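Here's the structure we're looking at; comments come further down.
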Amino acid sequence: MCERKDKGVSKVKNIFDKTKLNQLDLKNRLFRSATWLALADDDGNLTEPIFETYRELARGGVAAIVTGITTVSPHDAYLDGIAQFHDDKFIEQHKKFTDMIHEYDCKIFMQTAMVDSVFYIGEDLYKIPIGQLTTEHINEFVNLFRDAAARAKSAGYDGIQLHVAHNFFLSKFISPMYNNRHDEYGGSPEKRAHVLGKILDEVRGVVGKNFCVIAKINCDDFSDGGLNIHDCIVACQTMKAHGVDAVEISGNYTSREARAGANEGYFQKYAAMVKSQVDIPIILVGGHRSAESMNKILLKKDIEYLSLSRALVREPDIVNRWKSGDLKPSACIGCNTCYRTPGHKCVFVLRGKK
């Protein structure tokens with residue numbers, strides 16, 4: 001249990017608090033962070049292994065799941081196993097998917113993304129550097145995000161997440177390492193973030209104000225010349241001004257050192273810096289392994305939500321276990337071997353170990 005003081009009133013803050021995000025009722029403060037499974041078929045369709053993986057997660061106790069990366073572009077198919085959502089033909093299968101998730105009192109967000117800036121020039125497709133994108137190209141990908149959001153709402157999703165992290169296209173667009181433009185879309189952190197405001201305006205125009213829209217963003221690229229925490233704060237301020245409901249703070253690394261009680265929530269200092277400058281709900285990802293440590297973060301930092309990935313790969317029902325009173329931390333050792341297995345399964349589980 002965590003206790004904090006708001007305006008002179010002591011309040012208990014706990015991972016199992018019921019909360020509301022926009023108009024969405026959440027049964028606790030825990031999200032499953034987007035985790036790419038590489039299980040879609042060659043045409044970007046959902047497969048039975050995808051349904052099985054998410055069914056296990058939904059009944060495992062998290063309040064909300066963010067899907068693995070789902071591309072809004074018809075030209076991102078070169079990334080093996082990526083789910084696609086650039087056409088109305090995908091809506092029906094996703095409606096079955098969201099209905100299945102909702103059977104377990106769990107909310108579901110689609111992570112919408114572009115892998116890279118691939119467009120037609122004449123009759124051929126080319127990967128166009130950000131600095132060479134025309135206004136028409138930019139308007140085209142803005143519209144792709146808008147249309148995917150409209151489809152997601154039609155398919156029964158509770159919200160979408162814009163993927164502005166991990167060197168995917170939008171992450172590159174707001175990074176000075178990749179964006180060397182000197183027009184309305186580049187030259188300063190504010191101008192590089194302008195595209196996020198434009199996307200959000202278009203998205204809100206088709207989904208309305210009550211549909212939940214969140215974003216995942218790097219706090220830092222952790223590379224020379226890349227995006228830093230100041231750039232992140234500016235981007236979050238822009239997104240807040242254009243109607244985003246929450247931001248998930250991540251970064252361009254995954255720690256192998258996270259253990260229960262050691263290096264958990266390793267982006268928390270950056271999340272606190274964002275929160276100090278932007279009045280917006282924060283979702284913190286990065287190495288969460290124990291209920292005890294997460295509750296301490298809720299007490300020390302002004303953080304509203306926490307998201308887990310590898311701990312849920314190791315034990316999809318860990319949230320239900322914690323809620324039952326068994327507070328033993330996750331057995332995940334952060335080896336990252338799950339990234340190299342089919343469907344990104346825990347290697348220890350595959351070997352029959354608990």
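Excluded from the calculations below are hydrogen atoms, water molecules and symmetry mates; all remaining heavy atoms, backbone and side chain alike, are included. From a predicted model like this one, the values you see are computed outputs, not experimental measurements.
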State, yes or no, whether a side-chain contact exists between Ser117 and Phe141 at a heavy-atom distance under 4.5 Å.
no

Who pairs with Arg59 by side chain to side chain donor-acceptor pair (under 3.5 Å), at least two apart in sequence or on another chain?
none

Name of the residue among Glu248, Arg29, Arg32 meeting side chain to side chain donor-acceptor pair (under 3.5 Å) with Ser307
Glu248

For the residue pair Tyr178 and Phe173, is the inter-centroid distance of their aromatic rings smaller than 6.0 Å?
no

Quick check: do Leu21 and Ile214 have side-chain heavy atoms less than 4.5 Å from each other?
yes

Could you give me the CA-CA distance, side-chain angles and deciding distance for Glu202 and Phe145, then say whether side-chain contact (heavy atoms from CB on, under 4.5 Å) is met?
CA-CA 8 Å; Glu202 290 294 323; Phe145 279 97; over 6 Å; no

If every non-hydrogen atom of Ile82 is compared with every non-hydrogen atom of Ile69, which pair is closest and at what distance?
CG1-O, 3.9 Å

Atom NZ of Lys95 and atom CD1 of Ile91: how far apart are they, to the nearest 0.5 Å?
11.5 Å

Examine distances only and state if a side-chain atom of Asp158 and a backbone atom of His102 form a donor-acceptor pair shorter than 3.5 Å.
no

So how far is it from His94 NE2 to Arg151 CZ, rounded to the nearest 0.5 Å?
10.5 Å

Leu200/Thr238 under side-chain contact (heavy atoms from CB on, under 4.5 Å): CA gap, chis, key distance, verdict:
CA-CA 10 Å; Leu200 286 165; Thr238 297; over 6 Å; no

For the side chain of Arg321 and the backbone of Lys328, is there at least one donor-acceptor N/O pair under 3.5 Å apart?
yes

For the residue pair Arg55 and Glu103, establish whether any side-chain heavy-atom pair is separated by less than 4.5 Å.
no

Can you name the closest pair of heavy atoms from Pro281 and Tyr305 and give their distance?
CB-CE1, 4.4 Å

Are the side chains of Phe169 and Ser73 in contact, using a 4.5 Å heavy-atom criterion?
no

Is the closest side-chain heavy-atom distance between Phe85 and Val72 below 4.5 Å?
no

What heavy-atom pair brings Gly68 and Ala34 nearest, and what distance separates the two atoms?
CA-CB, 4.4 Å

Quick test of your reading of the model: are Asp221 and Lys172 salt-bridged, counting only N-O distances below 4.0 Å?
no

Could you tell me whether the side chain of Asn218 and the main chain of Ser171 form a donor-acceptor pair under 3.5 Å?
no

Under 3.5 Å donor-acceptor, Lys27 side chain and Asp105 backbone
yes

Transitive ILVMFWY side-chain link Val247 to Ile297, under 4.5 Å:
yes

Keeping Thr98 on the side-chain end and Lys96 on the backbone end, is there a donor-acceptor pair under 3.5 Å?
no

Closer than 3.5 angstrom, by distance alone: can the side chain of Asn295 be matched with the main-chain N or O of Ile15 as a donor-acceptor pair?
yes

When the ring planes of His344 and Tyr339 are compared, do they come out parallel, tilted or perpendicular, using 30° and 60° as the limits?
perpendicular

Let's go through Arg181 and Asp183 carefully: what are the C-alpha distance in whole Å and the side-chain angles of both, what is the deciding distance for salt bridge (charged side-chain N to carboxylate O under 4.0 Å, His left out) to 0.1 Å, and is it a yes or a no?
CA-CA 6 Å; Arg181 302 177 72 96; Asp183 60 0; 2.8 Å; yes

Could you check whether any side-chain heavy atom of Thr67 comes within less than 4.5 Å of a side-chain heavy atom of Ile108, counting everything from C-beta outward?
yes

Treating Ile, Leu, Val, Met, Phe, Trp and Tyr as nodes and any side-chain heavy-atom pair under 4.5 angstrom as an edge, say whether Phe168 and Val66 lie in one connected cluster.
no

Which heavy atom of Leu46 sits nearest a heavy atom of Gln93, and at what distance?
N-OE1, 2.7 Å

For Asn22 versus Arg204, what's the shortest heavy-atom pair and its separation?
ND2-NH2, 3.9 Å

Should the pair Asp25-Lys18 be classified as a salt bridge under the 4.0 Å nitrogen-to-oxygen rule?
no

Please indicate whether Lys323 has more than 12 foreign heavy atoms, meaning atoms of other residues, nucleotides or ligands, lying under 6.0 Å from its NZ.
no

So, the side chain of Asn143 versus the backbone of Asn139: is there a donor-acceptor pair under 3.5 Å, distance only?
yes

For the backbone of Pro329 and the side chain of Arg289, can you confirm whether one donor and one acceptor N or O come within less than 3.5 Å of each other?
no

Any chance you could measure Leu284, atom CG, to Phe31, atom CZ, to the nearest 0.5 Å?
12.5 Å

Would you check if Cys332 and Leu312 make a side-chain contact, meaning some heavy-atom pair closer than 4.5 Å?
no

Looking at CD of Gln277 and CD1 of Ile229, how far apart are the two atoms once the value is rounded to the nearest 0.5 Å?
9.5 Å

Please check if the side chain of Asn210 supplies one atom and the backbone of Gln23 the other of a donor-acceptor pair under 3.5 Å.
no

Roughly how far apart are His163 NE2 and Lys216 NZ, rounded to 0.5 Å?
6.0 Å

Inspect the contact between Lys296 and Glu292 and indicate whether a charged nitrogen and a carboxylate oxygen are less than 4.0 angstrom apart.
yes

Where Pro189 and Asp231 come nearest, the two heavy atoms and their spacing:
CG-OD1, 3.2 Å

Would you please test Lys275 and Glu304 for salt bridge (charged side-chain N to carboxylate O under 4.0 Å, His left out) and show each step?
CA-CA 10 Å; Lys275 185 68 176 187; Glu304 286 80 9; 2.7 Å; yes

Please check if the side chain of Asn14 supplies one atom and the backbone of Asp17 the other of a donor-acceptor pair under 3.5 Å.
no

Go through Tyr270 and Phe222 one step at a time and tell me if the ring pair (Phe, Tyr, Trp, His ring centres under 6.0 Å) criterion holds.
CA-CA 12 Å; Tyr270 299 98; Phe222 300 105; 5.7 Å; yes

Does atom CD of Glu52 have more than 12 heavy-atom neighbours, drawn from other residues, nucleotides or ligands, at distances under 6.0 Å?
yes

Please walk me through it: do Val274 and Cys232 pass side-chain contact (heavy atoms from CB on, under 4.5 Å)?
CA-CA 8 Å; Val274 173; Cys232 171; 3.9 Å; yes

In one Ile/Leu/Val/Met/Phe/Trp/Tyr side-chain cluster, 4.5 Å: Val234, Val244
no

Just how far is it from atom CG of Leu298 to atom CG of Asp302, taken to the nearest 0.5 Å?
10.0 Å

Just so I know, are the side chains of Ser223 and Asn252 near enough to count as touching, which here means a heavy-atom distance under 4.5 Å?
no

Check step by step if side-chain contact (heavy atoms from CB on, under 4.5 Å) holds for His288 and Leu30.
CA-CA 11 Å; His288 301 303; Leu30 302 176; over 6 Å; no

With clusters defined by side-chain heavy atoms of hydrophobic residues (ILVMFWY) lying less than 4.5 Å apart, directly or transitively, does Phe109 cluster with Leu196?
no

Determine, using the 4.5 Å side-chain heavy-atom cutoff (strictly less than), whether Ile283 and Trp36 are members of one ILVMFWY cluster.
no

